[in-house]
Amino acid sequence: MINTRIANVLLFLAMGALAFGVGSKQPEQKKGLSVLVYIPGTVAGSPPYELMVAGAESFAGTHPEVSIKVYEAGFNQAEWEEQLTGLVAPGEYNLVLTSNPSLPEICEAVGKKFPNQKFVITDADFSGNPQISTYLFNQYEQSLYLGYLAGLITTSNMKYANRDKKIGFIASQEYPLLNKHIVPGFLDGARRVDPEITVDLRIIGNWFDANKAADLAEGMIGAGSDVFAAIAGGAAQGLIKTAQDRGAYIVYHNINVYKTAPGVIVGCGLMQQKKLTEEILGDVLAGSIRYGISKTVGAKEGYLDFIADDPGYLDYVPEPIRTKFNAFMADLKAGRIPYTLPEL
Ligand code: RBF
């Protein structure tokens, strides 16, 4: 009898606890905005990831109601979906913020299991899913102007330039954005200087093997390339070392790294991923972000640029080349350089 009464009281308390969410498995979202910055790789050496983390940290620094957790997923792409599933399962994060073109499919699969989870992905193009918002950098454009600079240099009489009309491109892996925008844009830019220029494209096979990148660069220099670009994350360090040892030039995508190799890295593009990340978090906080759509941002919109005021450019690229390049850049920003953006 007493036991039944105690049992009833316990039952009553348990129901109350459930009703008020005490001890239940409701998502424990904190007040404010809780963001998982999911890095598909490692941060160090990867421009898009370094800039995204910098943007998220600076935004959180000025907005106490925003908390961020940076998670480095590593290089095993086969594990990413399962990892992300485990991370969002407790329901702690209002937002997953991530960056690279392979993430939409992964986020879509994870989102099916957690219909309240929202995802914003930069460097990707995906629309039609109400949980996902994407921003695509127009990398055809950045490659177009870096390719134009590479074309001016390979046809110049600069110290390391040879007579071959050949430039090199080292990439970590092939993916549609690389094959359809980045490499074709680079070649298009170079051929606007001289239509006979060719590009020697080599693939490393991963985003970390600097030794392999160094070996590839060695062979490419032997085969006539004198100006290089790379989309290779941390592995690009191998190209930089070989270019320094052997004497070759590099135009670098996405980030200011002139100081890493003065006189060798002679042109740096800039992906405004830090600014974009801050704007995205501002929109999410204000509730004005739109899901289900994809936005493309490029040089005209102020999200891709070239760092033209650095001694790494001013001191090593001769004035006539800089004059031509700066004019091309200004024309591109003003929409005066016609080109066709290939379908992805
Ligand atoms: N870029 C990096 O800088 N570091 C990386 O680790 C990296 N991993 C990637 C993995 C996949 C599956 C794909 C499709 C792209 C990756 N990228 C990486 C490329 C990056 O998203 C971007 O396209 C390039 O940096 C050009 O802006």
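Nothing fancy with the numbering, it's 1 onward along the sequence. Start at 1 and go down the list; that is how both ligands and their atoms are numbered.
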Quick check on ligand 1: any N or O pairs to the protein under 3.5 Å? One line per pair.
| residue | atom | partner | partner atom | Å |
| --- | --- | --- | --- | --- |
| ligand 1 | 3 (O) | S46 | OG | 3.4 |
| ligand 1 | 4 (N) | S46 | OG | 2.7 |
| ligand 1 | 8 (N) | Y49 | OH | 3.3 |
| ligand 1 | 21 (O) | D123 | OD2 | 2.5 |
| ligand 1 | 23 (O) | D123 | OD2 | 3.1 |
| ligand 1 | 23 (O) | Y175 | OH | 2.8 |
| ligand 1 | 27 (O) | Q139 | NE2 | 2.9 |
| ligand 1 | 27 (O) | N254 | ND2 | 3.0 |

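- Scanning both residues, T98 and M52, for their nearest heavy atoms gives O-CE, 3.5 Å.
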Candidate pair D125 and S294, rule side chain to side chain donor-acceptor pair (under 3.5 Å), full reasoning: CA-CA 6 Å; D125 182 23; S294 179; 2.8 Å; yes
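- With hydrogens and angles left out, the side-chain atoms of Q77 and S102 include no donor and acceptor closer than 3.5 Å.
- A cation-pi geometry, defined here as NZ or CZ lying under 6.0 Å from the six-membered ring centre and within 45° of its normal, does not hold between K69 and Y93.
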Between L95 and L281, does the side chain to side chain contact (heavy atoms under 4.5 Å, CB included) criterion hold? Intermediate values first, please. CA-CA 9 Å; L95 177 72; L281 291 176; 4.0 Å; yes
Can you list, pair by pair, the side-chain donor-acceptor contacts under 3.5 Å of residues 254-264, counting residues two or more places apart and other chains?
| residue | atom | partner | partner atom | Å |
| --- | --- | --- | --- | --- |
| N254 | OD1 | Q139 | NE2 | 3.1 |
| N254 | OD1 | Q142 | NE2 | 2.8 |
| N256 | OD1 | Y258 | N | 3.3 |
| N256 | ND2 | D310 | OD2 | 3.4 |
| Y258 | OH | C268 | N | 3.0 |
| Y258 | OH | I307 | O | 2.6 |
| T260 | OG1 | V257 | O | 3.2 |

